[in-house]
Structure formats: structure tokens, C-alpha cells
Amino acid sequence: MAITHRSRNRSRSASSGATGARTLSGAQIVLEVLAEQNIEVIFGYPGGAVLPLYDEFFQRPSKTMRHILVRHEQGAVHAAEGYARSCGKVGCVLVTSGPGATNTVTGLADAFMDSIPLVCISGQVPTHMIGNDAFQEADTVGITRPCTKHNYLVKDVRQLADTLREAFHVATHGRPGPVLVDIPKDVQIHTAAYTPLRRDTGAVRFRYRPTTRPESKKIHQAIDILAQAKKPILYVGGGVINAGGDSAAQLQKLATKCGFPVTQTLMALGAFPTNHKQSLGMLGMHGTLEANMAMHQCDVMVAIGARFDDRITGRIKDFSPHSTKIHIDIDPSSINKSVLVDLAIVADAGEALRALNQVWQEKRIAKPDIKAWWQQIDAWRAKKCLHYKNSTSTIKPQYALQQLDARTKGRDNVFITTEVGQHQMWAAQFMTFKKPNRWMTSGGLGTMGYGLPAAIGTQIAHPKATVIDIAGEASILMNIQELSTAMQYRLPVKVFILNNQYMGMVRQWQELIYENRLSESYSASLPDFVALAEAFGACGLRAEKPQELESVIDTMLKTAGPVIADIRVDPLENCFPMIPSGAAHNEILLGNEDSDTANSTSEEGMVLV
Amino acid sequence: MYDNEKIHILTILVDNEPGVLARVIGLFSGRGYNIESLTVSEVDGKRHLSRITITTKGAQTIIDQIMALLGRLVPVHHVVDLVHHMPFIARDSVLAKVICPLDKQKELCDHASSFGAQLADKKGDVMIFTMTDEPERIDSFIKSLRNQGSGQRDIDVCRAGIFALDYEEQALQKRKHEADVAPLALTSS
Ligand SMILES: Cc1ncc(C[n+]2csc(CCOP(=O)(O)OP(=O)(O)O)c2C)c(N)n1
């Protein structure tokens with residue numbers, strides 16, 4: 001087997017020809033390249049090894065790019081992720097050497113798992129001191145190698161411009177991802193000839209050229225399979241969001257034409273309107289019964305920009321046993337990784353959808369008759385898997401989110417970010433997502449502390465929008481310092497804490513799998529979140545009774561500045577449906593009446609995370 | 001040796017740049033996979049290309065996955081698993097240092113040449129043999145050096161590691177083509 005995913009040449013000098021060459025310092029070159037790339041925002045935190053760059057900001061303030069001073073470098077990366085995911089542009093980060101760079105690692109790993117295009121510039125000790133255990137030295141390229149798509153250590157200022165250009169190219173082409181460029185302090189000071197990039201001449205040829213266009217033969221094969229399907233399903237992943245442009249519209253067009261049910265991963269929510277009649281909602285561990293059953297029983301599955309994550313598939317050997325599987329993905333390494341497929345199409349999800357629509361039309365395929373399948377799906381839907389027992393005395397977290405959804409429905413521009421835990425899953429289940437890029441959550445890495453900085457980045461990209469971080473009381477404390485960033489830049493982000501006093505998701509697993517031995521999952525000594533908000537200069541609100549929700553939500557939405565709303569919810573509520581680790585889709589647990597069976601989670605399941 | 005289901009020889013063409021070996025190796029070490037042998041050297045000075053040859057053991061599915069991940073590394077141009085997939089030729093090289101009294105040296109030299117090995121150099125009692133051949137032949141040569149004459153003898157060995165090439169014409173042809181690929185316009189991000 002030979003794998004040649006792309007033909008490449010070494011990156012040619014982008015600055016061919018001597019036209020317009022100027023002698024600039026490395027720091028100036030960085031700013032010039034950022035301008036070339038139309039970077040409008042950079043999230044950063046200064047330190048010794050990036051002082052030359054920060055001095056440039058001071059001496060020659062950019063008219064096109066803003067620097068946003070975060071309070072922790074992890075926050076800078078998540079903010080850049082929120083920015084990138086909500087507006088489809090590349091996110092930019094600037095940090096110092098050593099601790100500045102190591103603080104970005106979680107963020108970079110998060111962006112790597114969720115395929116978010118980022119360029120992170122880190123300062124490094126001067127080249128002659130590298131390897132000497134210099135002050136604030138860390139082997140940044142070594143540490144970040146496995147959690148970036150690519151990284152560079154620039155040792156010669158003459159290579160700086162082209163390296164940065166390649167970094168932006170790699171971050172944004174193919175399957176997107178974070179790229180780090182480590183720039184020693186002396187390289188920022190040394191000078192070199194800088195020639196502006198000339199896009200018009202097409203002089204740049206990058207060695208990295210992933211395949212984005214689908215093979216026409218395979219698109220035809222796919223259409224033939226779809227046309228024959230009796231029990232089909234479209235399984236949509238974050239690739240459709242990443243593909244950008246009109247990909248979501250193409251998906252809707254295809255879905256409408258073929259009339260197939262659509263289920264979405266956590267990463268995809270909004271790629272297809274979740275209130276559409278063909279939407280089965282999210283699938284996977286906490287997905288809907290109808291989505292998981294349909295995945296299990298279908299005869300044709302089309303995975304579009306989705307990667308058969310273990311949270312989606314459950315027990316692999318029982319995953320969708322009877323289906324013909326078509327997999328569209330831009331990353332050849334995602335194909336046949338955990339699930340063997342029948343037809344693999346390596347392509348950008350958007351381009352593949354466009355091609356599918358075109359061929360469907362050319363062949364004048366009639367809408368397949370899948371009435372029986374819809375009847376079956378409707379029977380599953382009738383089980384109302386998201387049903388929960390509401391209360392008049394205690395706020396149920398699900399109810400709080402239904403209220404939030406209802407009270408934000410009228411607004412045009414609502415962006416939701418989350419932390420990680422039960423609240424995240426409930427948000428995925430109970431909020432409505434009609435458009436792509438409106439939902440920012442840490443899917444692959446599951447990073448607590450993601451939501452607030454991501455909300456900040458989102459708000460920077462959409463100053464007028466309503467940006468809400470749906471949080472847990474444990475997660476929010478992981479990057480609460482970023483409230484200070486929100487205050488400084490007057491970013492009216494809303495933090496909606498479903499405060500159950502537990503690391504709820506941990507407690508739920510302990511209850512269901514570890515016979516309710518609640519080891520270290522209680523959040524003792526919680527701060528007074530209202531006072532905490534006020535200490536930062538933000539507005540703090542609290543709701544303790546269901547009757548108070550409405551007015552707290554409305555006040556939160558009306559308030560001009562940042563708000564923390566401390567919503568005191570039922571501490572012991574569990575998130576259902578749930579497919580326990582190591583179980584198959586059709587072994588899904590529904591609400592409380594099923595919870596006895598949960599204890600039977602296999603030992604095999606206990607080793608899984 | 002290659003009948004063993006689990007042996008794989010990966011040949012990887014990469015840009016010769018800092019960190020490229022670490023990127024490649026990281027995909028093995030991150031999974032706790034052992035590399036049996038590794039060779040790296042620049043093979044095209046003009047285009048700064050190096051060839052990495054890795055011999056490893058492992059389940060086919062994991063190797064396929066590692067290969068796919070190798071394929072998506074930016075400095076990697078081409079990855080092939082030679083074993084089970086195409087005709088190829090594999091060799092290993094060895095330097096072996098033996099201490100041998102002067103009066104027994106002639107006998108040892110004859111023994112070595114019966115394997116096709118050559119005396120690379122000698123200084124007094126110290127003789128250094130070299131040989132390039134199929135890896136199993138190298139194994140038996142080394143074993144025979146240890147056992148030749150009376151009793152076990154200590155020897156010092158340095159092996160280059162398995163290096164291999166396929167017989168494909170296409171790869172060469174294709175590369176000629178690549179040089180003529182039209183420049184790619186920079187698309188805005
Ligand atoms: C950085 C990090 N550490 C640990 C975990 C493991 N973890 C997953 S969910 C969770 C509990 C989250 O609690 P909270 O934020 O209160 O949300 P809840 O589940 O109660 O809604 C923990 C500890 C994680 N995902 N991320």
C-alpha cells in the first residue's frame with residue numbers, strides 16, 4: 001500500500017523578486033506578515049522573550065490589528081479558538097517563552113483535537129542560549145510537537161516571513177489545526193530584507209497541498225448507494241462547520257432533496273438546524289434515542305466530516321452492524337481508523353456536499369421512499385428521551401436551559417459556549433442551533449475552563465451579539481481570571497452557571513458505575529458567585545427557585561456588561577439518555593426508571609473513559 | 001523473516017529539516033511501539049530530501065493508522081510499507097570487531113570471506129570486518145564470528161539497520177512530474 005496524499009514541493013520563497021524589499025527587524029516582519037494575512041485580533045500575554053514584539057506594538061500601533069491582553073495564556077488560546085470557530089477565520093496567539101508557552105499546551109491540544117485553525121507565536125530565549133537551561137527556557141517545539149498540526153523553531157530571521165506564511169497556510173488548509181512558531185528573541189531583533197507578499201502573481205507554492213476535491217467516480221458511487229437506501233441516515237460532524245462557506249447550506253439542500261434524517265455530533269450542532277423536522281438531534285453517549293437507534297438500525301450511513309469518535313460509536317463491534325458506510329473526510333487518517341467503511345471519499349466536506357448535490361440533480365434522482373423508516377423513527381421519537389421530571393421547588397438544570405433557550409429565541413445573534421460536564425451535554429440537548437458557528441464547545445479534549453475565554457473570543461468577533469457561556473460551577477473556576485479580560489475590553493459575555501455543587505458529570509459516573517462512591521467530586525468551599533462577579537466589577541445574579549429564572553435570565557440579557565448568573569440547580573440530577581462506556585447504541589439508558597440497569601455496566605466499560 | 005505477519009518495513013521520504021525525525025518517531029513512541037531498526041540519511045541534496053527506513057512489528061491496523069498519520073505530517077512526502085505490498089530489496093550493513101591472535105587471523109579471514117564479508121581494517125590483534133547483505137545473513141555472520149574457532153568469543157558489533165528500496169518505476173516518474181507542477185495561488189485564509 002502506498003500513501004501519497006499530496007504532491008508537494010518545498011515551499012518556494014514567497015518573496016520572489018526584489019520588488020518592494022525593505023530591511024526590517026524580525027519583530028517588524030512578524031507584524032507585516034500578520035497584516036498580510038489580514039489578522040485583526042491577536043490574543044496575547046507579554047514577557048521577556050517577546051519584548052521586542054511588544055515594543056513594536058507600542059511604537060507602531062497597528063491600525064488593522066488589535067491586541068487583546070488575556071489573564072492566562074491558556075485563556076489566550078481558548079479565546080482564539082472561540083474567535084476562530086465563531087467567525088471562520090484563523091485565531092492568533094502571542095506568548096512568551098517558558099511558562100508562557102507551556103501554559104498554551106492545553107489550549108493547543110484542545111484546538112488540535114477539535115481541528116481549529118490557530119497560529120501561536122511564542123518567544124524563545126536567544127538562539128545562542130537554547131539548550132543552556134536559560135531563564136524561562138523550555139523546549140517549546142518539543143513539548144508542543146504532539147499537540148500541534150505542525151510547529152517551527154525559526155533560527156534565522158531571513159526565514160521568518162516565509163515560515164510564518166507557511167504556518168498560516170498549514171493551519172487553515174486541509175484539516176485545520178493549531179500551528180506554533182517559536183521565535184528566539186535575537187531573531188526578533190535581527191534584520192532581514194522583507195518583501196511584501198504579492199497574492200496577484202500567484203508566486204507562492206506551498207509544499208503542503210492536501211486533497212480537497214472529491215473523486216467524481218466516488219461521488220457517483222455514493223449517489224447510487226443513497227438512491228437505493230431504505231433506512232438511511234446522514235451523520236454530520238464538525239467538518240461541515242470547518243469547511244465554512246456555504247457548506248451548511250449545501251447540507252441542507254442535500255438533506256431536503258433526499259429527505260433523509262440528519263443527526264449531528266457535538267461538534268456539528270448548527271450545521272443543520274436542530275429544530276428542522278428531519279433533525280434527530282445529537283447522537284452519541286448523551287445523544288437522543290432516535291439518533292442512536294437510527295444509527296444502529298440504518299442500512300446506509302453517510303458520515304460527513306465526522307470521525308467515528310468513541311463517544312459516538314459506543315462498543316465498536318456492535319456499531320451500526322447492518323449499514324453500508326460512506327465516509328467523507330478531509331483527513332485520510334480518519335478513514336478506517338476505528339470503523340471500516342465501504343466507500344471512502346477524501347475531500348473537503350463542503351466540496352463533497354456540493355458535488356453530491358450536483359450529481360443528484362444531474363441524475364434526476366427521485367426522492368427515495370423511506371416512509372417506513374420515518375415511521376420507525378417517529379416511534380423512537382415518541383419515547384421522548386429528553387423528558388425529565390420537572391419540579392416547582394427546585395430548579396432542574398434542563399428547565400433552566402429550556403428557559404434560556406426560550407428567552408433568547410427572539411434574538412438574532414446568539415452564540416453559546418460551554419465548559420465541560422453535564423451542563424455541556426444538557427446545553428447540547430436543550431438549546432436550539434439553527435446556524436453553524438454559533439456553538440463553541442470543547443469536544444475532543446473536553447477541557448474544563450474552555451467556555452469563558454472562548455466566549456470572550458467570540459464576543460470580540462461579534463461585538464453586538466449575545467454570547468453566553470453555559471457553565472458548571474467547577475469548570476468556571478478553571479479560567480475565571482478571564483472575567484478581568486472581559487471587563488477591560490467591555491465584552492458583555494454572560495456566564496450562566498448551572499450550579500449543582502458537584503462536578504456533576506464525575507458524580508454521575510460515580511453514582512452509575514461506582515455504586516455512588518462520591519470520591520472528591522463535591523465542590524466544597526465554593527465562592528459566592530454574585531460577590532465574585534462584583535469583585536471583578538461585573539454584575540452578579542442568582543436564581544434559587546424556578547419562579548425566579550425568568551427574571552434572572554431577562555436581567556442577564558438586558559445588562560450591558562458581563563454577567564455571572566448563579567443558577568442553583570438540583571444537585572443530584574443525572575444527564576440522560578446515556579450510553580454507558582463499552583455499551584452498544586441499542587443499550588441506551590433513558591431517564592430514572594432505567595437507572596437500575598446502569599449498575600450492570602460491564603467491567604470492560606469501567607476501563608473505558 | 002518477512003513472512004512474519006507482524007514485520008513491516010516503512011520507507012518514508014521527508015524534507016530534511018530539524019525535528020522531522022522526532023515527528024516521525026513520536027508516532028511510534030506515543031503508542032508504545034518499538035522500532036526494531038531505523039536508518040536516516042539525506043538522499044537528494046538538491047531538494048533536501050531524506051529517506052527514513054523503519055522496521056517495526058505490529059498489528060496491520062495499527063501500522064496502517066501510523067502510516068496515515070505519517071502521511072499527514074507536513075514534511076512527509078511519501079510513505080510505503082514495503083512488506084506484503086510490493087517487491088522490494090532489503091539490506092543491512094555491519095561492522096564487527098574481533099580480537100584474534102595473529103596466528104589465527106588467516107583462518108578467520110577465510111571464514112569471513114565464506115560469508116562474503118571483508119576485512120575492513122586491522123591493527124595488531126584487532127580485526128574489523130564489514131559486510132552488507134540480507135539482514136538474516138548478517139545475523140548468521142555475527143553468530144558465526146562469536147562461535148568460530150574454540151569457545152565463545154566477545155565481539156563488538158555496529159549495524160546500520162535495515163535499508164530497503166522497491167522496484168517501482170512510478171515513484172521516480174512521478175517525482176519528475178512533480179517538479180513541473182504549476183504554482184499554486186495562495187488562497188486567502
Ligand atoms: C481540565 C479538566 N479536568 C478534569 C476533567 C474531568 N471532568 C469532566 S466533567 C468534570 C466535572 C465538571 O463539573 P462542573 O463544571 O461543575 O460541571 P457539571 O458536570 O456539574 O455540569 C470533570 C472534573 C476535565 N474534563 N477537564
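Below, read A as the first sequence line, B as the second, and so on, with proteins coming before strands; counting in each chain starts at 1. Keep in mind that this is a model prediction, so the values were computed, not measured.
- Residue B:R159 places its CZ atom among more than 12 non-hydrogen atoms of other residues, nucleotides or ligands, all under 6.0 Å distant.
- Only the side chain of A:V170 comes within contact range of chain B, with heavy atoms under 4.5 Å apart.
- Counting heavy atoms from C-beta on, the side chains of B:R72 and A:P210 never come closer than 4.5 Å.
- Few gaps surround CZ on B:R31; more than 12 heavy atoms of other groups in view lie less than 6.0 Å from it.
- Atom CG of B:L73 sits about 8.5 Å away from atom NE2 of A:H150, to the nearest 0.5 Å.
- Both the backbone and the side chain of A:N151 come within contact range of chain B, judged by heavy atoms closer than 4.5 Å.
- Within a 6.0 Å sphere centred on CD1 of B:I99, other residues, nucleotides and ligands contribute 12 heavy atoms or fewer.
- Atom CG of B:D154 is surrounded by 12 or fewer heavy atoms from other residues, nucleotides or ligands within 6.0 Å.
- When all heavy atoms of A:S333 and B:Q65 are compared, the pair lying nearest together is O-OE1, 3.4 Å.
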